[in-house]
Amino acid sequence: MRRNNVSERAVKTFKVKQKVSGLFRSTEGAKAYAVIRSVIDTTLKNAQNVLVALMLIALLPEVE
């Protein structure tokens with residue numbers, strides 16, 4: 001059996017999300033999902049705590 005590479009696994013989460021909910025409701029929603037998913041994937045790849053990473057990002061000041 002062929003093993004998926006990193007980029008194929010990253011795309012798979014988007015396809016599963018699309019199949020479950022049909023479509024993203026907006027371009028902004030799709031972009032937000034992509035950013036969050038990217039942070040989660042990077043955090044897992046670096047063997048770090050996902051919840052801690054997301055909480056630290058939430059504490060960052062808003063950029064205009």
Side-chain angles (χ1 to χ4, degrees):
M1 182 161 94
R2 186 175 142 269
R3 293 190 63 150
N4 290 336
N5 64 30
V6 176
S7 60
E8 287 175 332
R9 283 185 296 225
V11 170
K12 185 177 180 179
T13 61
F14 287 92
K15 293 307 289 178
V16 170
K17 167 80 171 134
Q18 188 177 25
K19 283 182 182 180
V20 169
S21 63
L23 294 171
F24 290 98
R25 294 185 185 261
S26 67
T27 303
E28 293 81 18
K31 288 178 183 178
Y33 180 82
V35 169
I36 293 168
R37 196 63 234 183
S38 175
V39 169
I40 291 170
D41 290 345
T42 302
T43 304
L44 291 171
K45 184 177 178 182
N46 290 304
Q48 297 176 352
N49 187 311
V50 174
L51 184 57
V52 170
L54 293 174
M55 288 186 333
L56 289 171
I57 290 169
L59 294 173
L60 291 172
E62 188 174 330
V63 179
E64 293 182 23

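With hydrogens and angles disregarded, no donor-acceptor distance shorter than 3.5 Å links the side chain of Ser38 to the backbone of Ala34. With hydrogens and angles disregarded, a donor-acceptor distance shorter than 3.5 Å links the side chain of Asn49 to the backbone of Leu51.
Using a 4.0 Å cut-off between a side-chain N of Lys or Arg and a carboxylate O of Asp or Glu, Asp41 and Arg37 qualify as a salt bridge.
Under a hydrophobic clustering in which Ile, Leu, Val, Met, Phe, Trp and Tyr are joined whenever their side-chain heavy atoms come within less than 4.5 Å, directly or via other members, Ile36 and Val39 fall into the same cluster. Under the 4.5 Å side-chain heavy-atom criterion for ILVMFWY residues, no single connected hydrophobic cluster contains both Leu56 and Val50. Tracing side-chain contacts under 4.5 Å through hydrophobic residues (I, L, V, M, F, W, Y), one never reaches Leu54 starting from Val35; they form parts of separate clusters.
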